[in-house]
Structure formats: structure tokens, C-alpha cells
Amino acid sequence: MRRAGVAGRGRPWMDGRTVEERYQPRSIEAKWQRIWEERGLFAPRPGGEKFYLLEMFPYPSGRIHMGHVRVYAIGDAIGRSLCMKGRRVLHPMGWDAFGLPAENAAIQHRTHPAQWTRENIAYMRGQLRRLGLSYDWSREIATCDPAYYKWEQWIFLRKLERGLAYRSDAYVNWCEHCETVLANEQVEGGLCWRCEGPVGQKRLSQWFLRITAYAEELLAGCDHLPGWPERVLTMQRNWIGKSTGAEIDFRLEGRDGAIRVFTTRQDTLFGATFMSLAPEHPLAVELTRGTACEAEVKAFIDRVVVQDKFRRGAEDYEKEGIFTGAYCLNPMTGGRMPIYVANFVLMDYGTGAVMAVPAHDQRDLDFARKYGLPVIVVVQPEGARLDSPTMAEAWTGPGVMVNSGPYDGMTSEAFKRAIVDDLERTGRGKASVNYRLKDWGVSRQRYWGAPIPVIHCGRDGIVPVPDGDLPVLLPTDVALTGHGVSPLASLESFVHTRCPKCGGAARRETDTFDTFMESSWYFLRYLDPHNDGAPFDREKADAWMPVDQYIGGIEHAVLHLLYARFFTKVLRDLGLLGAGEPFGNLLTQGMVRKENPKTGKIEKMSKSKGNVVDPEELIERYGADTARLFILFAAPPEKDLEWSDTAVEGAFRFLSRVWRLVAQTRDAIAGVAPTPAGSALTTAQAALRRRVHQTIKRVSDDLDGRFHFNTALSSIMELTNALYAYEDDGSPASRAVLREAIEALLGCLHPFTPHVTEELWEALGHDRTLVETAWPAPDPSALEADDITIVVQVNGRLRDNIRVPRDATKEQVVEIALASENVRRHAGGAVKKEIYVPGKLLNLVV
RNA sequence: GCCAGGGUGGCGGAACUGGUAGACGCAGGAGACUUAAAAUCUUCCGGCUUGACGAAGCCGUCCGGGUUCGAGUCCCGGCCCUGGCACCA
């Protein structure tokens, strides 16, 4: 038992009380978690406007980390405040359960990925419940559940029917020693993470989704997502990378055929002096077949192709190439252009062939100087003369055409259009649009993923698994060794099947889907999670979509968010829903970072880096409310947060302060109505009331779209400080002000620290939970004071603060300002100009 | 390398639209209460200079320039840090 101490002195409502209760979160939190759940408060409540609130679902890696606490505390603060504002909130949770770590853990710990995943889900679900998050658990899904991936397979088959899925060769990382495919993450500095052997590239036939068919719509959609952060839209636009230019054919010399290039600089065509091919370009091999160059070129290609992913793009990567011995012809000049294979030309972009214009492209210029190739200036910049033999820097800007036959003297901008007409007329090229975006390779040579539902038949080729046979179940009896191409390929019982068309013996596809497939439509499955006749019901989808607020890490700015947009558009075109965009508003939360013990650098917290902080200990020791308060108070959500262990204590201290405040005030305000508006108030009462309503307004604004929880919380702390400083005179007016203040404090704080506020709310005599109580409303008449402070500057430097009546005119403000001794001292008598920002600032220029 | 973002006290951060830089909190100092400690309460807390002790002045938001009556905020050029780069999710 403790004495209240000095806290009560001079404050009649605290006098002599013994405070028996100390803030002890453990029992309180369990109690309220139980009550919320028993009353089913987090299923969408009838009435009110719909609000679909969604945070990116977690990968069940084992235990939650601080990044999870952050994103789910953010979502919960938004969700609870919306509930209080009367919205019909849908707030589901599930598990992104397929993925590589389960397989690694299985190999390492001799467990099964399914078991490992199930155990992790069970554990993490418990952790999320202990955080007191407002989820509707009846909608929980796990993507490794056949009831989920059945519909993913179904969606894939619809794409296959529409030509949106196709097969093509692609390279994967290949460790010769382990004889296995490696993810990029499993390659460290070009070496295998297990055996540290060299990693090469292996060509495999794989499945692709034709996301490029939606490139234009995905790009255009970026202009109609006002609720997304501009920086995410910028990254998506750049990722799609639309460029307009021309396709031009360069005839081969001495044989049939041509090399097609895409260029945005068709205006420099007269200056194209050689051709660069990607090593993967089919002509690279074909042109040298049977020639003296064959062996050398093949060796070069083999070397580059095997290395490319890791070497290309590396800082010290030397640009190099090799001559094929063949030539093509410049369509305008007829000049002979030697054809090179160059390591910096990418097969994925454009046509895999680049017309090289050394005078107007730096890379081409470096290459030309290195291999002694001609440089011809065709665009002369204004006010300078480029000299082909000596120039060291390529000119990439606009100018006037030279060395371009009949087009000399034209501006390069005008010529860009003119040459396209010329090329089209003569059939040597045409206007063209190119995207940097590539089709999405979805085949993985992994076990722990959704099987790709196709069958390879010797007679009928690729045959889709009939809808009635879905799902293609992932077998459980597979041996994971970390060796071999696809784990499923070694499982005879899985591989051998019958062709659905001819009934003959056939083989199943043994690759599984990229796990981004699951996360591209899970937000739709939440709307109808138990449907076994369709992925989801259209009516339900139309009732809830789009997601009103999506929250997740900035690291997903491009891939996941773009894939989800793509899926939504495809499903819309399949007639499965009306919405064409999945997420109306997006909040990208910054990362929680910490020093990586291996590198000593401050990096994103991740298990693979070994720099995670386990929130469990924090919750054990201080409770979920403190953990949530701490992480929300530490920084605004979109900013990165560098972890420090020190400040948690302060968050707990604040909640204890609130606890004591209510415990000590409770009797004084018991049975009092919180309605001081009509009464005549003293200055101190009016000041507290003003503070209360300013706080409500501030917190409401910060929660509504701005999401600056840290400043919302700081204003709640200021209100708490004001309440501690307030001296109650025991009058009915004072008690009403006090009651109103305490209730507003608890209401404003509830979205952030729900358990402690519920407990205190109940202690004030309320039967209804705070979640079901209306959000406090600011009273505009209580917000303004009679006097305001004006900042007085002289020549932009602060010289004084003055108090003036709220409705003072500029002349009055200047008069009062000049009465200030300090202002007079600096201004002298010679004020040249008065700049007055009404209600804020006066700057006297002398 | 390419794309995107960030840099403010000892620390996390605040300053929302170009208008008082450092709210709120952490850490720290001093004091009250206590036999003592913890807890709690009061108070100080960017640097420098002056001070008749009320205060006043100068410098200060990564660095260098610029625009403006006024710049943490806008513009130009650097440096450093972080995320993503298509098989971690």
C-alpha cells in the first residue's frame, strides 16, 4: 500500500486519499481482450459507412518483431478511432504462409515446412492477440491452406485461357556444387550461401504472367490514386518506365534479315556507327556460326551470361564487347556498321539490340574509343562545336541536325518526328512505345508453394488441370535435401498422372508459384473467406472494395503493390469484381532499423540479418499498451525508426500518470455530468476547457488522414500535464470541467492504448466499452481565447512577443509593438515597411 | 550503377501553407519528500558572450551558394545514410 505523496497537496480532490491501485497492465489487458472478444466488437458492426482497413499480412517467421508491432499498432489506432466515429470497419488478419524460410528451417531443423509454419502461426496469433488488436478473427486465412491456393490455381487457369500466362525460357541462379536453384537472397557476393561455391546461371523453361499487357493501364492508374504517397507513385511510374521512340530495322550485310532496335533517339540515326547486341540475343550466335569468330564470341557469351545477374550493375563492372565479324547497314546513310556483342546490353529491355551512336551516348562513346570505332556528330548544340575525333563527353541534349543529309539545319526535336514519318513511309521502321516493365516470372523450383496446375503430356503438350480437379494438392511426403532442381520432381507419386485430354501417362508440373501470387489477391479472399464455390462472391467484393486504407512497409512500394494492382485489373476483366484498383489510400510505414551485428551498419530489421528485437519481453514487462504507445510515439509512421531500448520507460510512466490521475479524481467527479458548456467559468476553468477541446481537435486531425500519432500523443501528454496543474475549487462548474477533461483524455487516448483506457473508463462508472462510445467532439466555442500573442520582428529578427485583443487591427498591433522597449531600441524611429501576418506576426523593416 | 527517400540539441522527435527553431518525451544536473533507496513532485537543460541577475546580444537545422522583409521549409551544386532493383517477403 502506498501513500499518494505530494501529488495530492493543495488539490482538494486528491487530499488524503490513499491510492490503493497501482497501474498493473497484466490482468487489465487479459480482461479487456476477453471482453472485446466475447462481445464480438470487431466484426463489422451494422450501420455506418463501410471502411475496409488492412495492414499487410505477416509472413509467419516464428515470432513477431518490432516492425509488426509498428504496422499493427498503426492500423489498430486507425481502426479503433473509426469504430468510435461510427464507421462500419472491416479489419481482417491472415498469414502469408508460403515461402523460402519454411524450407530453410525444414532442412536445418529436420522439421516439415507445414508443421513449422503451423506452429509459427499459432504462436504469432497469440502474440497479436496479446497486443489487443481489433481484428475480426473469423475471417483469418493462411495462404498455405488448400482452400486458399485452390482459387489461386483457378485464377491462374483463367489467365492461361486468356493468354495472360505463357511459358518462356529464363535464367535462374544455379549452384553447381549443391545442384540447386538459389534465390537472390541465397547468393552472397556471387557465392552460394551454403557451400560458398560459385553461382552460375541456368536456363529453364518457366511460367510468366503477362503484366506488360496492363502496362499502360497500370501507368495511367497512377494519375488516379490521390490517396497514395507521391513517392510510391513515382517509383511505380519509373518501374513501368514508358518511353516513346521508334523501332528501326537495320538490314544485315550479305544475308537475309535485319536487326530490329528500339530507340528514343531516332534523331541520331545518321550518327549510328555500330550495333551492340545483348549476349542472349539469338543473332549473336547465329551471325558467327561457322565463321572464324565463332569460338571467341561463344566463349564471351558463355562467360557473361553465366555471370550476368551479379556482375552487371556492380560498380567495378567493366564495359566490354566482342566483334562478331558481321555488319549491318545504316538505313539512312547505308554505312556499314560492325555488329558487337556487348555485356551491358540487356535482353530484357527493348529488343536486346542497341544502335550505337557514340557522339550522343556516353556508354557508346566509351565503347567506341575503347575499340576504335567511328564517332559522327549529328546533333550540334547551340553555342558550341562538337569535334568528333576529340570529344570526351557525349552530347545528349537537343540541338541542330548536321551530317544528316537532307535534314541538316532542322532542330533535333522536329527531326525526331520527321524521321519517324520517313521510316514509316519507306517501311524501315515505325513509331513505337517501349516499357521497362518485364513480364512476371512466377515459376519457382521450390517445395513450399502452391503447385502450378498444369500437366505435361507427350501428345497434347501443356494441358491445364480441369477446374473440377482443383486444388492440385501440395504433397506432404517430400524429402527436402537442399539439392536438385524442384523438390516435387523427385516425388514419383506426385509427378506421374494421366493427361486430362487423352488419358495417357503424363507428368505434372513440378514448379510452384512465386509467393507474390498469394499476396496479390488475399484482400479479396478476406471478404468471403469460406466460399468453396468461387474465389469470392462478387456482391461482397463490390460491397467492400476498394480497401479504404492499406498500411505496410515502404519496401513494398513497387513489387507487391504493382502485382496486386495487376491482379485486381485482371479479375475485374474476368468479371469477378467491379473495382479496378485494390487500394484507395496507402500509408507506407518506415522501417524499424537496428545495427546489423555482422556489418556494423544500421539496416532494416530482418531475421536474416540477425538484428531483430523481440517485442515479447517488452510486452511481458510493461504490457501491450506501453509497447504500442512507445512505438507510435517514437516517430511519425512514414519515417524510418532507429531502434533504441531506452525510451520505453517513459511510455510506461505516462500511462501510470494517467492511471493515478483518474484514480485520484474518481470520487470527486463521480456522478457529475460532463457538460460545463452552459456554466460561467473562471479563467482557470476556461483555460483547461480550451486545452481539452484543442486536444480533441488536434488528435482528431492527426488521426484523420495525417496519421501523425506522435504529435497526437504529445498533445494528450500536454493535456495530462495541464490536468495535474489544475486546481479544483470543488464547485459544480469545476467538477464538470474536470469530468469533461478526464473523459476526453480517455477517449482520445483509447485508439493508442486501448486496455488501460477501457479499465479507467469503466472505473468512471460507464457500462458501455469505450470502443462502442462516440469519439469526443470538439466544441468550437471553447477553442478561442480573447487575447492572442503576436511575434514582433525587426528586419526578420525576433525582438518581442506582445499580447493583443483577438480582433485588433494592424494599426493597433503596430502601436502596441512600438510601445515595447526592445522593439523601439532595434527599430529606432525609421520604420520603412510593416509586414503583418494577421494573428501571428509583425515584421518591421528599417 | 539506376529509381525513390532521408539528414534538426547528448538521444527520439516538433515546427501542418515561407513566419517565435527545439513542443512532447528520453537521458542528465540541482532541489523537495524519505533513516535510505525506489517512486513521486519542483526546477534547469543547443553553443558562445555580456549582465546593474530582470535580462540582452551573437551563432546555430549535413556542407557551399542563391531567392525573400523573413528559409529547417523554396531553388542550384556537393557530402553522407537508408529502401527497392524483378527468386527474402
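Because only heavy atoms are used, hydrogens play no part in the values below, and waters and symmetry mates are left out as well, while side chains stay in. Letters go in sequence order (proteins before strands), and every chain restarts at 1. Not measured: the values here are computed from a predicted model.
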- Who does B:U82 pair with, Watson-Crick or G-U, both distances under 3.5 Å?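 Looking at the geometry, B:U82 pairs with B:A4.
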- Query: Would you call A:Arg167 and A:Glu509 a salt bridge, using N to O less than 4.0 angstrom?
  - Reply: yes
- Looking at A:Arg237 and A:Glu230, does any basic side-chain N land under 4.0 Å from a carboxylate oxygen? yes
Classify the nucleic acid contact of [X] as base, sugar-phosphate or nothing, counting any heavy atom under 4.0 Å across all strands shown.
{"X": "A:Ile716", "answer": "nothing"}
{"X": "A:Arg706", "answer": "base"}
{"X": "A:Gln793", "answer": "base"}
{"X": "A:Gln445", "answer": "base"}
{"X": "A:Arg231", "answer": "sugar-phosphate"}
{"X": "A:Ile835", "answer": "base"}
{"X": "A:Gly553", "answer": "nothing"}
{"X": "A:Ser519", "answer": "nothing"}
{"X": "A:Arg797", "answer": "sugar-phosphate"}
{"X": "A:Pro636", "answer": "sugar-phosphate"}
{"X": "A:Asp701", "answer": "nothing"}
{"X": "A:Phe516", "answer": "base"}
{"X": "A:Asn710", "answer": "sugar-phosphate"}
{"X": "A:Arg698", "answer": "base"}

- Only one of A:Asp514, A:Thr515, A:Thr512 forms a side-chain hydrogen bond (donor to acceptor under 3.5 Å, both in side chains) with A:Arg444, so which one is it?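 Only one of A:Asp514, A:Thr515, A:Thr512 forms a side-chain hydrogen bond (donor to acceptor under 3.5 Å, both in side chains) with A:Arg444, namely A:Asp514.
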Span that lies between the [atom1] atom of [M] and that of [N], in whole angstrom:
{"N": "B:G47", "M": "B:A52", "atom1": "P", "answer": "22 Å"}
{"N": "B:U8", "M": "B:A14", "atom1": "P", "answer": "11 Å"}
{"N": "B:G9", "M": "B:C2", "atom1": "C1'", "answer": "37 Å"}
{"N": "B:A39", "M": "B:A27", "atom1": "P", "answer": "10 Å"}
{"N": "B:C16", "M": "B:G29", "atom1": "P", "answer": "34 Å"}
{"N": "B:G28", "M": "B:C11", "atom1": "C1'", "answer": "11 Å"}
{"N": "B:G22", "M": "B:G10", "atom1": "C1'", "answer": "14 Å"}
{"N": "B:G72", "M": "B:U40", "atom1": "C1'", "answer": "37 Å"}

- Nearest-0.5 Å distance that lies between atom CE in A:Met124 and atom OG1 in A:Thr117: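 It comes to 11.0 Å.
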- Message: Could you measure the distance from the CG atom of A:Leu749 to the CG atom of A:Leu655? Nearest 0.5 Å is fine.
- Response: 6.5 Å
- Could you pull out the closest heavy-atom pair between A:Gln201 and A:Tyr171, with the gap in Å?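 Scanning both residues, the minimum pair turns out to be OE1-CB, 3.5 Å.
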- Query: Can you name the nearest heavy-atom pair linking A:Pro58 to A:Met93, along with the distance?
  - Reply: CD-SD, 3.6 Å
Without decimals, in angstroms, what is the distance between [X] [atom1] and [N] [atom2]?
{"X": "A:Asp348", "N": "B:C87", "atom1": "CG", "atom2": "C1'", "value": "14 Å"}
{"X": "A:Glu821", "N": "B:G57", "atom1": "CD", "atom2": "C1'", "value": "15 Å"}
{"X": "A:Leu798", "N": "B:G70", "atom1": "CG", "atom2": "P", "value": "16 Å"}
{"X": "A:Phe98", "N": "B:C88", "atom1": "CZ", "atom2": "P", "value": "18 Å"}
{"X": "A:His708", "N": "B:C16", "atom1": "NE2", "atom2": "C1'", "value": "8 Å"}
{"X": "A:Arg444", "N": "B:A86", "atom1": "CZ", "atom2": "P", "value": "11 Å"}
{"X": "A:Phe709", "N": "B:C16", "atom1": "CZ", "atom2": "C1'", "value": "15 Å"}
{"X": "A:Leu641", "N": "B:G6", "atom1": "CG", "atom2": "C1'", "value": "14 Å"}

- Task: Starting from the 5' end of RNA chain B, give me the residue, A:Val791 or A:Gly99, whose nearest nucleotide shows up first.
- Result: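 Its nearest nucleotide lies further toward 5', so the answer is A:Val791.
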- Start at the 5' end of RNA chain B and walk down; is the nucleotide closest to A:Lys833 or to A:Arg657 reached first?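 Its nucleotide being nearer the 5' end, the pick is A:Arg657.
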Counting only side-chain N and O atoms of [X], is one of them less than 4.0 Å from OP1 or OP2 of [N]?
{"X": "A:Arg446", "N": "B:C88", "result": "no"}
{"X": "A:Thr515", "N": "B:A89", "result": "yes"}
{"X": "A:Asn843", "N": "B:U20", "result": "no"}
{"X": "A:Asn721", "N": "B:G25", "result": "yes"}

Considering only side-chain heavy atoms of [X], which listed nucleotide, [options], is closest?
{"X": "A:Asp96", "options": "B:G57, B:A89, B:G19", "value": "B:A89"}
{"X": "A:His826", "options": "B:A56, B:U40, B:A86", "value": "B:A56"}
{"X": "A:Glu185", "options": "B:C88, B:A27, B:A89", "value": "B:C88"}
{"X": "A:Ala634", "options": "B:G83, B:U20, B:G12", "value": "B:G12"}
{"X": "A:Trp440", "options": "B:C41, B:C87, B:C3", "value": "B:C87"}
{"X": "A:Val837", "options": "B:G19, B:A89, B:U20", "value": "B:G19"}
{"X": "A:Arg436", "options": "B:A86, B:C41, B:A4", "value": "B:A86"}
{"X": "A:Met717", "options": "B:G19, B:C24, B:A89", "value": "B:C24"}
{"X": "A:Gln206", "options": "B:C87, B:A23, B:C26", "value": "B:C87"}
{"X": "A:Ala183", "options": "B:C85, B:G83, B:C88", "value": "B:C88"}

- Message: Using the side chain to side chain contact (heavy atoms under 4.5 Å, CB included) definition, which of the options A:Thr588, A:Val558, A:Leu225 pairs with A:Val232?
- Response: A:Thr588
- Query: Taking atom types as modelled and ignoring hydrogens, do the side chains of A:Thr711 and A:Asp702 form a donor-acceptor contact shorter than 3.5 angstrom?
  - Reply: yes
- Have a look at B:G9 and give me syn or anti from its glycosidic angle (syn if within 90° of zero).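 With its glycosidic angle within 90° of zero, B:G9 counts as syn.
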- Query: Hey, would you say the A:Trp521 and A:Tyr148 ring centroids sit under 6.0 Å apart?
  - Reply: yes
